[in-house]
Every structure is written in C-alpha cells, then in structure tokens.
2 protein chains.
Amino acid sequence: MTFMTAARTSTPADRPRPGLRERKKIKTREAIRTATYELIEEQGYDATTIDQIAERAEVSPSTVFRYFPTKEDIVLTDEYDPLIMEELRARPAEEPWTESVRYVMRRAVQLGVDEDATVSRLRTRLMVEVPAVRSRMMESMSVTGRMLCQAVAERTGRDPDSLEVRVYAMSLIGGLMETSLYWAENGHREDLADLIDRTLDVLEHGLPRENP
Amino acid sequence: MTFMTAARTSTPADRPRPGLRERKKIKTREAIRTATYELIEEQGYDATTIDQIAERAEVSPSTVFRYFPTKEDIVLTDEYDPLIMEELRARPAEEPWTESVRYVMRRAVQLGVDEDATVSRLRTRLMVEVPAVRSRMMESMSVTGRMLCQAVAERTGRDPDSLEVRVYAMSLIGGLMETSLYWAENGHREDLADLIDRTLDVLEHGLPRENP
DNA sequence: CTCGATTTTGAGAGTTACTTTCATTTCATG
DNA sequence: CATGAAATGAAAGTAACTCTCAAAATCGAG
C-alpha cells in the first residue's frame with residue numbers, strides 16, 4: 001500500500017531494547033531516506049544521484065545500496081502492508097467483507113496522512129511524474145495483491161490462488177492505485193478519504209447511472 | 001494490451017507502397033525483435049545484453065536504442081491498443097457495455113495467440129519471471145487504461161477524466177493483467193478465453209458465492 | 001542520372017545505477 | 001579484554017542508456 005501511506009519512520013516503543021546495533025541501523029536508514037527526500041525537493045528526482053544521497057547522509061554509496069536495493073525503493077519502501085493485513089484480520093468475522101475493506105483502507109489513508117502529509121504528497125507526486133517510481137510502485141502492488149488474496153481467502157474460505165480471488169484482489173488494488181494517481185494529478189485538493197469511498201462504490205456496484 | 005497479445009509483426013497489405021526507407025525500417029525493427037527473442041530463449045533475459053542483440057541483428061547498439069527506448073520495450077512494445085480501441089468503437093451502440101468488452105477482449109486474445117502462440121507465451125512467461133519486464137508491462141497498462149477511459153466515456157457519455165471512469169478502467173485492466181499472470185504461472189494449460197470469461201464475471205458480479 | 005537535401009546509421013565516449021569483493025572497523029558476548 | 005559476528009567503506013567492474021558527430025543510404029527535382 002505504498003501508494004497511499006507514508007513509510008513508518010520510527011519504532012515508537014515496540015520492544016524493550018533493540019540493542020545499539022539495531023538502533024544505529026534504523027538511524028542510518030532514516031538518514032538515507034530524509035537525505036533523499038531533501039535532495040529530491042531541492043533538485044528533482046533524476047538530478048539526484050546516489051553519491052549525493054550518500055554524502056548528505058554521511059555514509060558511503062555502498063551502504064546506500066545495502067539498505068535499499070534501488071533508488072526508487074528509498075522513496076517507496078513500504079512497511080504498512082503487514083499493518084493493513086493485521087487490521088483486516090482484526091475486523092469482526094460477521095462484518096461484510098466490503099465493509100471491512102472500506103474501513104481498513106480509510107484508516108490506512110488516515111494513518112499515512114497524519115504521520116507526515118508532506119511525504120505522502122511528495123510520494124504521490126513522484127508517482128505521477130517519475131516513470132521509474134511509478135513502475136516500482138506498481139511492482140509493489142502485486143505484493144500487496146498477494147497479501148489481499150490471503151486475507152480474502154481466510155475470511156471467506158476460498159482458495160487464495162484461485163483465479164477469482166486473484167482477479168478480485170488485483171482489481172481492487174488497481175482501482176485504489178488509480179485513486180491516488182487521481183488525487184496527485186489534481187493537486188491533492190480533494191479529500192483522499194472521500195475519493196476512496198467513491199472508488200469502493202465503483203468497485204462494488206459498477207459505474208453509477210449518470211455522470212453530469 | 002501487451003499482456004495478452006503478440007506484437008503485430010508485419011504490415012500485411014496496408015498502404016500501396018511505403019517506400020524503401022520505411023520497409024527497411026520495419027525489417028530492422030523485426031530483426032532486433034527476433035534476435036532478442038532467440039537470445040532470451042537461449043540464455044535468459046538478464047544474460048542477454050544489448051550488444052549481443054545488436055550483433056545478432058547486425059546493427060549497431062546505438063541503432064537498437066534508436067528503435068526501442070529500453071530493453072524491456074523490445075519484448076513488449078505493443079501495437080494492438082489502437083486495434084482494440086477500433087473494435088470497441090465498432091460495436092453497436094445498443095450493445096451493453098460489458099458485452100462489448102467481453103467480445104473485444106476474447107477477440108484480442110484470439111488474435112494474439114493465432115498470430116504467434118510461442119511469442120505470446122514467452123512474453124507472459126517473462127512477465128512472471130523478470131521483474132523489469134513485469135514493471136514495463138504494468139507501465140503500459142496505464143496507457144491502455146487511459147484509452148479505455150476514452151472508450152467508456154464515448155460510449156456512455158461520461159467524463160473520461162472522472163474518478164469513477166478511471167477507477168473502472170484501471171480495475172478492468174488490473175484484473176485482466178492478473179489473468180495473464182495466472183495463465184502463465186499455471187503453464188499456459190488452461191484456455192485463455194475461458195479465463196477471460198471468468199475474470200469478467202468477477203468484475204461484473206463480484207466474487208461468486210462458493211468456491212469448492 | 002546526378003546533385004543536394006534529408007534521414008538513417010555507426011562509432012565512440014560519457015553518465016549512472018547497481019554489483020561484487022575484500023579488508024577494516026564496530027559492536028555483542030563470554 | 002578477547003573473540004566472533006555483523007556493519008561499513010573503498011574500489012573496480014558491468015551494463016543500460018545518452019549524446020555527439022561524421023559517414024552512408026535514400027529520396028526528390030532538375
């Protein structure tokens with residue numbers, strides 16, 4: 001769900017003490033990411049090289065690649081999928097599936113925007129403007145899609161690998177993806193939660209009768 | 001619609017005489033493509049370099065890039081979208097929209113498989129196996145999506161840029177994409193036309209009641 | 001056919017993302 | 001503190017893609 005949420009930037013108060021090594025690792029990761037965001041804001045995505053990122057983050061270029069396999073990943077790495085999955089599982093079993101989806105998606109959006117609206121917008125903007133970023137994001141869609149398959153299967157007792165479940169999941173993801181593109185293309189003016197609602201309406205009931 | 005059809009390989013008998021220059025260009029294009037297919041069959045996608053392709057196609061590396069902007073494009077360049085668009089427009093206006101889609105998609109698949117089943121399968125296989133190819137293919141999805149928006153808008157008198165139309169188009173594309181992935185992952189055993197039918201059923205009516 | 005304009009091609013050098021290897025440093029643990 | 005494991009940096013290498021410019025092929029008109 002990279003396409004609608006900010007990345008989780010810190011480990012609030014998870015486990016007791018992750019050890020110095022772990023903490024340093026997280027710090028480095030964050031340093032690289034914020035350096036990248038800054039540089040992109042300053043000079044744009046393409047003009048920003050890995051070397052510049054490394055320099056500003058005060059690590060070596062090789063370290064950058066050790067943390068992120070590709071440049072796009074620095075912007076896009078997503079740690080929310082598991083959260084969404086959890087929330088989806090936590091919904092009451094009697095709740096209609098479409099309701100659960102609606103609830104969880106709205107919540108995911110809210111989380112992302114709350115945490116850091118600037119990053120959220122930068123990301124979706126890059127998604128519209130930089131083909132490589134968009135590609136990478138779509139790539140992550142399939143992963144989210146598989147996860148959704150799993151969730152649908154658990155909830156409704158279907159085979160997660162069946163064509164039907166997979167098609168359902170993918171069309172959902174595709175639709176939501178288009179929603180965030182739409183949001184960004186229109187300058188983030190409209191309320192994303194509303195857009196999500198309208199999107200789910202289309203997916204559930206098809207196109208509405210009229211469109212003035 | 002790259003993801004389900006082969007590329008149009010020749011200009012059957014279009015216009016009277018395109019001139020030597022044009023004909024040579026088409027030939028070069030084809031040479032590059034078949035060289036690429038061969039090399040990939042022999043050694044796999046990643047192991048195949050542009051230089052090798054250039055050598056076998058008997059052109060210079062720069063020429064390869066002049067014809068195709070990226071390596072993935074050599075495999076994936078799609079010339080079917082306009083055809084699909086045409087066919088969609090040619091359907092009678094009274095026909096329900098979903099019927100038109102069903103008819104045209106099945107036809108597109110048939111065309112692709114008829115023309116060259118081997119290439120059709122190689123493509124979908126690469127789509128499953130090579131991330132870069134899958135990305136590039138997804139990238140082309142958005143283009144096809146915009147086109148579909150246009151078609152939906154024309155047929156039903158809606159705004160092609162409205163959220164609803166865009167979401168509808170994208171979920172359709174996403175679903176079909178997943179269908180070809182499914183087809184390839186299962187070794188191309190099932191009949192693609194049947195899969196398409198089941199896909200459209202899901203998109204039109206949601207997940208079926210039960211799934212034994 | 002020939003000449004000049006236009007287009008296509010090739011050669012080569014350059015940029016940059018990404019990989020790989022290996023020695024060095026840094027941290028955890030007994 | 002000593003020993004082992006993990007993180008880091010330096011450096012060289014690969015391959016996709018870009019750019020430039022000169023040579024060659026094609027076309028159109030006289």
Side-chain angles (χ1 to χ4, degrees), chain A residues 11 15-33 35-37 39-40 42-77 126 130-137 139, chain B residues 15-33 35-36 39-40 42-77 126 130-137 139:
Chain A
T11 321
R15 299 304 122 98
R17 203 19 82 102
L20 177 57
R21 221 167 230 167
E22 290 306 310
R23 274 175 286 153
K24 209 167 192 180
K25 235 153 92 167
I26 294 177
K27 245 189 186 162
T28 314
R29 202 181 170 78
E30 264 330 290
I32 295 175
R33 236 204 291 259
T36 308
Y37 285 148
L39 285 165
I40 290 181
E42 289 170 23
Q43 0 164 316
Y45 182 85
D46 285 331
T48 303
T49 75
I50 299 282
D51 285 351
Q52 292 176 333
I53 295 173
E55 196 186 338
R56 182 163 308 194
E58 296 186 301
V59 294
S60 79
S62 18
T63 301
V64 174
F65 284 114
R66 213 169 268 122
Y67 279 84
F68 301 95
T70 76
K71 189 171 152 190
E72 297 92 66
D73 278 290
I74 306 178
V75 182
L76 289 179
T77 312
L126 288 177
V130 184
V133 172
R134 188 170 45 243
S135 288
R136 186 63 195 70
M137 165 148 307
E139 187 61 16
Chain B
R15 297 303 122 95
R17 211 5 94 96
L20 178 56
R21 220 166 233 169
E22 290 306 310
R23 274 175 287 154
K24 211 168 193 178
K25 236 154 88 169
I26 293 176
K27 246 190 186 159
T28 313
R29 201 179 171 79
E30 264 330 289
I32 295 175
R33 237 205 290 260
T36 307
L39 285 166
I40 289 181
E42 289 170 22
Q43 4 163 312
Y45 181 86
D46 285 331
T48 302
T49 75
I50 299 282
D51 285 350
Q52 293 174 333
I53 294 173
E55 196 186 337
R56 185 166 305 195
E58 296 186 301
V59 293
S60 79
S62 18
T63 302
V64 174
F65 284 113
R66 215 169 266 122
Y67 279 84
F68 300 94
T70 77
K71 190 172 151 189
E72 300 90 64
D73 278 291
I74 306 178
V75 182
L76 289 179
T77 313
L126 288 178
V130 184
V133 171
R134 189 171 46 243
S135 286
R136 186 63 194 70
M137 166 148 306
E139 187 62 15

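Residue numbering restarts at 1 for every chain, and letters A, B, ... go by the order of the sequence lines. The model shown is predicted, which means the values in this text are computed figures rather than measured ones.
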Short side-chain N/O contact to [N] OP1/OP2 from [X], under 4.0 Å:
X	N	value
S62(B)	dT20(D)	no
S60(B)	dA11(C)	no
Y67(A)	dA7(D)	no
T28(B)	dT9(C)	yes
K25(A)	dA7(D)	yes
K24(B)	dA25(D)	no

Starting from [atom2] on [N], measure out to [atom1] on [X] and report it in whole angstrom.
X	N	atom1	atom2	answer
Y45(A)	dA17(C)	OH	P	9 Å
F68(B)	dC17(D)	CZ	P	13 Å
I50(A)	dA16(D)	CD1	C1'	15 Å
K71(A)	dT15(C)	NZ	P	16 Å
L39(B)	dA16(D)	CG	P	12 Å
I26(A)	dA7(D)	CD1	P	12 Å
F65(A)	dG9(D)	CZ	P	14 Å
E22(B)	dG28(D)	CD	C1'	16 Å

Lys/Arg-Asp/Glu bridge criterion (N-O < 4.0 Å) met for E30(A), R33(A): yes
DNA chain D nearest-nucleotide lookup for V59(A) and E72(B): closer to the 5′ end is V59(A)
Quick one: pull up OG1 in T28(A) and CZ in R66(A) and give me the separation to the nearest 0.5 Å. 11.0 Å
Interatomic distance, E42(A) atom CD to R56(A) atom CZ [nearest 0.5 angstrom]: 4.0 Å
Determine, step by step, whether L126(B) and L76(B) satisfy the side chain to side chain contact (heavy atoms under 4.5 Å, CB included) criterion, reporting the C-alpha distance in whole Å, the side-chain angles of both residues, the deciding distance to 0.1 Å, and the verdict. CA-CA 10 Å; L126(B) 288 178; L76(B) 289 179; over 6 Å; no
Mapping R66(A) and T48(A) onto DNA chain C by nearest heavy atom, which one lands closer to the 5' end? T48(A)
Which residues satisfy the side-chain contact (heavy atoms from CB on, under 4.5 Å) test with E55(B), sequence neighbours excluded? none
